[in-house]
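All remarks here apply to the structure that follows.
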Amino acid sequence: MDIFEDDAGTGQGGNAPEYTVSELSGAVKRVIEGEFGRVRVRGEIGRVSRPASGHLYFDLKDDRAVIAAIAWKGQAGRLSVKPEEGMEVIATGRLTTFPGQSKYQLIVDDIAPAGMGALMLMLEKRRAALAAEGLFDAARKKPIPFLPEVIGVVTSPSGAVIRDILHRLRDRFPRRVLIWPVAVQGEKCAPDVAAAIRGFNALTPGDAIPRPDLIIVARGGGSLEDLWGFNEEAVVRAAAESAIPLISAVGHETDTTLIDHAADLRAPTPTAAAEMAVPVRMELLAWAGEAGARLVRATRQRLDLRGQRLSDLARGLGRPERLLDPARQRLDLWSDRLGPGLSAAITRRRAEFNRPAGRVQAGLLASFIASERRHLTGWADRLAPAVARLMREAVRDGARRRADLDALARRLAQAEAVRLATLADRLAGLDRTRQTLGYAETLRRGYAVVRAAGAVVTTRTAAEAHPVLEIEFADGSLAVETGGPAGPAPKPRRPKAEGGPDQGSLF
């Protein structure tokens, strides 16, 4: 813009152009965006706001100035570092203006901590906040089961960590292991690990996929940035909320992450976690054998001591025959008196019976019989209506029970249909999972299987020892000559079906 002096001191702009507010704001916006474009700004984060829209608003400040910063909803979810108040960061983005409030602002694309000190400061601040909530209290920690039946492992399926854990468990005490594959570093690490811990807890005991008795979260060593996913609040809260006992085996012995504080037990290495999870089977067998032998010896010694004590006490008792002599004498005495006593009792009872027998007359018996007959006739007259009434009630009760049985049969048929439909949907889902995890799907993604003489070849040295190699692709096999020792060329073949016996040759 050109600057013009006022005419004759009147204070009016003369021939200076006039701008609308929108035109002037647009001109300022173009100047700022054209002059700066994409910039990197270092500063301290202050006043973080996360409205329901999903956008992220915060300030970047130093000791003399403040710049407003915005991360839109789509970009906020992809930020490698979640901004927290007081954190010193380097923000990358483009500078623009917001005409609605006459201010300039930074549209942020990425945020990185300003050095290791910032990461450690943020980590310590987060640790203190979670500790204040009681997530690291020793009273919340659960005991580790002595011999878990099923162990769930949350780790990367392709690293050396899972092989070390499986090898150690197989050496000490083989157990059933469920592996939940996750990303162990990067943006997906924290949500994957938190989802895996909650997923194991959501399993139902006795279902087709058993619920683990113990969870191991494992990862090899690395830098602070590599292990940062295990310092995220989501992972710490998932570990603290786990109803299943959890062992943290992240990094080496000198590495410490926040999940170590929330876990029920911390292992210095993944191999040590496997050792903490199960005892040594041979040591248990040896201990059981020794305990059994000690029990037999103790029982035999106890019986010997009791037998000796019984013998000692028996010597203080008299002979059993002497104890029975008085009773035998009393029996002989009463036996001699039994015959005369029975005869006297019979004579006495006969005399008592003869006295009332003389008073019994035939007329009295006939009257008694007639009275009883009338009594029985009255009961017979009342019996027929009662039986008829009971029969009618039984018919009505049978009809009601038959109606109830029909209703139950209809409900059973409906429940069976619903159960069959549910099982069919579940079977279809499992079949889709089987097809997705089959090695043929891996071949379609660009991988291949190399075989020679019917065996899988995994190294160059082994390949050079065969004259002809068979390479299997997703659409068929191809024989390739290597120039090695002569031998018959294999026949090309089509890929095997999903889940076939050669499926393990890819891994």
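Just the heavy atoms: all of them, side chains too, but no hydrogens, waters or symmetry mates, feed the values below. Note that this is a predicted model, so its numbers are computed, not measured.
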Looking at [Y], is its backbone amide N or carbonyl O close enough to the side chain of [X] to form a donor-acceptor pair, meaning the two atoms are under 3.5 Å apart?
X      : Y      : answer
Thr271 : Asp164 : no
Asp62  : Ala65  : yes
Arg126 : Asn231 : yes
Thr155 : Arg219 : no
Ser242 : Ile244 : yes
Arg40  : Ile90  : no
Lys141 : Ala263 : yes

Point-to-point distance, once rounded to the nearest 0.5 Å, from [atom1] of [X] to [atom2] of [Y]:
X      : Y      : atom1 : atom2 : result
Leu203 : Leu178 : CG    : CG    : 7.5 Å
Glu481 : His466 : CD    : NE2   : 15.0 Å
Asp406 : Arg411 : CG    : CZ    : 13.5 Å
Arg237 : Glu133 : CZ    : CD    : 4.0 Å
Gln185 : Phe230 : CD    : CZ    : 9.0 Å
Leu246 : Leu214 : CG    : CG    : 7.5 Å

Distance-minimising heavy-atom pair for [X] and [Y]:
X      : Y      : result
Val193 : Ala183 : CG2-O, 4.3 Å
Ala76  : Ala71  : CB-O, 4.0 Å
Pro148 : Ala277 : CD-O, 3.3 Å
Leu284 : Pro279 : CD1-CG, 3.4 Å
Pro270 : Ala218 : CB-CB, 4.2 Å
Leu469 : Ala452 : CD2-CB, 3.8 Å

Item checked: Side-chain H-bond candidate by donor/acceptor type, Trp228 with Glu232, under 3.5 Å -> yes
Checklist line | Flag for Ser248-Asp260: side-chain donor and acceptor within less than 3.5 Å | finding: yes
Do [X] and [Y] make a side-chain contact, defined as non-hydrogen atoms from C-beta onward lying under 4.5 Å apart?
X      : Y      : answer
Lys103 : Gln105 : yes
Ile215 : Ile247 : no
Asp213 : Ile151 : no
Val468 : Val480 : no
Pro245 : Leu265 : no
Pro17  : Glu23  : no
Leu478 : Glu470 : no
Ile45  : Leu60  : yes

With sequence neighbours excluded, give me every ring-ring contact (aromatic ring centres under 6.0 Å, His included) pair touching [range].
range            : answer
residues 73-101  : none
residues 155-205 : Trp180-Phe200
residues 64-88   : His55-Trp72
residues 259-278 : Phe136-His261

Note to self: Salt bridge check, Glu472 against Arg451: does any charged N sit closer than 4.0 Å to a carboxylate O?
What the structure shows: yes
Note to self: With a 4.0 Å cut-off on N to O distance, would you call Arg127 and Glu124 a salt bridge?
What the structure shows: yes
Next item on the list: Tell me, yes or no, whether the heavy-atom count around Ile209 atom CD1, taken from other residues, nucleotides or ligands under 6.0 Å, exceeds 12.
Entry: no
Note to self: Could you go through Leu24 and Thr20, starting from their C-alpha distance and side-chain angles, then the distance that decides it, and tell me whether this counts as side chain to side chain contact (heavy atoms under 4.5 Å, CB included)?
What the structure shows: CA-CA 6 Å; Leu24 185 58; Thr20 64; over 6 Å; no
For [X], all residues meeting salt bridge (Lys or Arg N to Asp or Glu O under 4.0 Å), sequence neighbours excluded:
X      : answer
Arg47  : Asp59
Asp264 : Lys142
Lys29  : Glu33
Arg401 : Asp397

Next item on the list: List for me each residue that meets side chain to side chain donor-acceptor pair (under 3.5 Å) alongside Arg172, sequence neighbours excluded, and say none if there are none.
Entry: none
Margin query: Could you work out, with side chain to side chain donor-acceptor pair (under 3.5 Å) as the rule, every residue matching Asp109, not counting sequence neighbours?
Written below: Arg38
Note to self: Between Thr433 and Asp431, is the side chain to side chain contact (heavy atoms under 4.5 Å, CB included) condition met? List the steps.
What the structure shows: CA-CA 5 Å; Thr433 303; Asp431 186 62; over 6 Å; no
Next item on the list: Among residues two or more places apart or on two chains, list those pairs meeting salt bridge (charged side-chain N to carboxylate O under 4.0 Å, His left out) that have a residue in residues 66-80.
Entry: none
Notebook entry, point to check: salt bridge (charged side-chain N to carboxylate O under 4.0 Å, His left out): which pairs involve residues 184-209, sequence neighbours left out?
Noted result: Arg198-Glu241, Asp207-Arg426
Check: For Arg175 and Glu149, what are the C-alpha separation, side-chain angles and deciding distance, and is it a salt bridge (charged side-chain N to carboxylate O under 4.0 Å, His left out)?
Finding: CA-CA 6 Å; Arg175 297 282 84 186; Glu149 290 292 333; 3.4 Å; yes
Note to self: With side chain to side chain contact (heavy atoms under 4.5 Å, CB included) as the criterion, how do Phe473 and Leu443 come out once you've worked through the C-alpha distance, each side chain's angles and the decisive distance to 0.1 Å?
What the structure shows: CA-CA 6 Å; Phe473 300 94; Leu443 293 180; over 6 Å; no
Checklist line | side chain to side chain contact (heavy atoms under 4.5 Å, CB included) between Val177 and Ile179, intermediate numbers included | finding: CA-CA 6 Å; Val177 178; Ile179 302 173; 4.1 Å; yes
